[in-house]
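Contents: one structure, followed by commentary.
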There are 2 protein chains.
Amino acid sequence: MLSESRPAEQSIVKGGHLGPIEREAIEMFINFFRLLGLPKSIGEIYGLLFVSPHPLTMDDLMTRLDISLGAASQGLKTLRSVGAVKAVYSPGERRDHFVADLELSRFAASFIKEQILPKLEVASSRVERMEAALAELPEAERRETRARINELSRWLNRGRTMLPVALKLLA
Amino acid sequence: MLSESRPAEQSIVKGGHLGPIEREAIEMFINFFRLLGLPKSIGEIYGLLFVSPHPLTMDDLMTRLDISLGAASQGLKTLRSVGAVKAVYSPGERRDHFVADLELSRFAASFIKEQILPKLEVASSRVERMEAALAELPEAERRETRARINELSRWLNRGRTMLPVALKLLA
DNA sequence: CAGGGACTTCAATATAAAATGAAATGCGTC
DNA sequence: GACGCATTTCATTTTATATTGAAGTCCCTG
């Protein structure tokens, strides 16, 4: 929740074979992804891939991060779906190799487009239904409630138009 | 997680005595707050307060939303702490009355300032430690890893400077 | 300054989310 | 076209998070 930042955290990371750079990167991305409501394992995977100078296999991830097969597979799936990670071809190699896409803005764009904007649409239709329902309200409450719903409506519109702009600003 | 939006949801809200406007508002804010990783009960409370034309007591919230004493108390505490709700004085009344602060931008500002920016600071110091640790790295990997850490650093700086700007844009 | 609401805390419980790993599937190779 | 490694899926288990409500604290009020 609005946690007062975990108590004197000392190494969330448990996997072996990790150098200091990797540990820092992993913890950093765990925190970052948590902010977006994504599980720890996804932060770990992305963090390790991010600082890795060469592509890694699923098996690398499993052993170095000490996570399960399923977690690695699902985490990679999610990360690919949002454009944060891609598979690269490795000649003469059977297994898939993965790299982090360093263009974080692409990832942010996809996140906004696929997660936020759809929710704003749903919210908009809710507001419409609320406006329709205003008529049923007792006279006394109608005016004030209408004002509040309008406020909501203004915010949704602003969000829908400004979010993409704000994103460009960061990119 | 990156959920494909819950299956044909029909009324998450369980409390009785709620009109259609209230139900819509509550579900809407449940979803919105969930995006920020806040629990359902907080969305319910804020949603009901938002569309309510007059201040409500803790007891109102408990009965109408059918939540416990503790949930109401803690939820209000959190909401007040981020400036989303405030207590208003009600003459000749013993109990506290609460209203939603309609200025959502205030809430957003407080969220960024208290939740995001501190995390960016922590992340920055991580990056510094990573840069320091670069020296220990085998020659072969150093160049590429350095490039990646630099990328990270650029992003953090951009975030720290642009986030407050982006916020102003929305307000 | 005692009694009694109103509110807060927090240990216990209930609920939800993530990780695990065995079984199913896909896919390339011989 | 069957074998075998690589990957995905998903029921189960584990872990983390939210909710409850009884016990504690804080005021106001008389």
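Naming convention: chains lettered A, B, ... in sequence-line order (proteins, then strands); numbering from 1 in each chain.
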Given dC27(D), dC5(D), dA18(C), the nucleotide with the shortest approach to the side chain of P39(A):
dA18(C)

NA contact type, D96(B), heavy-atom cut-off 4.0 Å: base, sugar-phosphate, or nothing?
sugar-phosphate

What residues, two or more places apart in sequence or in another chain, satisfy side chain to side chain donor-acceptor pair (under 3.5 Å) together with R106(A)?
D101(A)

Between Q74(A) and F98(A), the residue closer to the 5' end of DNA chain D by nearest nucleotide is F98(A)

Rounded to the nearest Å, what distance is computed from the CD1 atom of residue I67(A) to the C1' atom of nucleotide dT20(C)?
11 Å

Quick one: on DNA chain C, does L69(A) or L38(A) contact a more 5' nucleotide (nearest heavy atom)?
L38(A)

Show, in sequence, the C-alpha distance, side-chain angles and deciding distance for E144(A) and R148(A), and conclude whether the salt bridge (Lys or Arg N to Asp or Glu O under 4.0 Å) test is met.
CA-CA 6 Å; E144(A) 176 64 14; R148(A) 283 157 183 264; 2.8 Å; yes

Kindly indicate, with the supporting measurements, whether the criterion side-chain contact (heavy atoms from CB on, under 4.5 Å) is fulfilled by R64(A) and L18(A).
CA-CA 7 Å; R64(A) 303 194 61 198; L18(A) 293 172; 4.0 Å; yes

Measure the distance from CG on L61(A) to C1' on dA6(D) and round it to the nearest whole Å.
14 Å

With under 30° as parallel and over 60° as perpendicular, where do the rings of F32(A) and F29(A) fit, or are they tilted in between?
perpendicular

Heavy-atom contacts under 4.0 Å between residues 77-90 of chain A and DNA chain D, which residues?
K77(A), R80(A)

May I ask you to evaluate whether R95(A) reaches the phosphate of dA6(D), defined as a side-chain N or O under 4.0 Å from OP1 or OP2?
yes

Can the ring centroids of F111(A) and F33(A) be said to lie less than 6.0 angstrom from one another?
no

Taken to the nearest whole Å, CD1/I45(B) to P/dT19(D) is 9 Å

Taking only the side-chain nitrogens and oxygens of S41(A), find out if one of them lies under 4.0 Å from OP1 or OP2 of dA19(C).
yes

S68(A) vs dA19(C): side-chain N/O to OP1/OP2 distance below 4.0 Å
no

Any donor and acceptor pair, going by atom type alone, linking the side chain of S124(B) with main-chain N or O of L120(B) inside 3.5 Å?
yes

Calculate the interatomic distance between M58(A) atom CE and dG21(C) atom P; express it in whole Å.
13 Å

What is the distance from CD1 of I30(A) to P of dT15(D), rounded to the nearest Å?
16 Å

Between C1' of dA19(C) and NZ of K40(A), the distance in whole Å:
10 Å

Pairs meeting criterion salt bridge (charged side-chain N to carboxylate O under 4.0 Å, His left out) with involvement of residues 74-90 of chain B, two or more places apart:
none

Whole-Å distance separating the CG atom of L76(B) from the P atom of dA18(D):
16 Å

Whole-Å distance between dA6(C) C1' and L56(B) CG?
16 Å

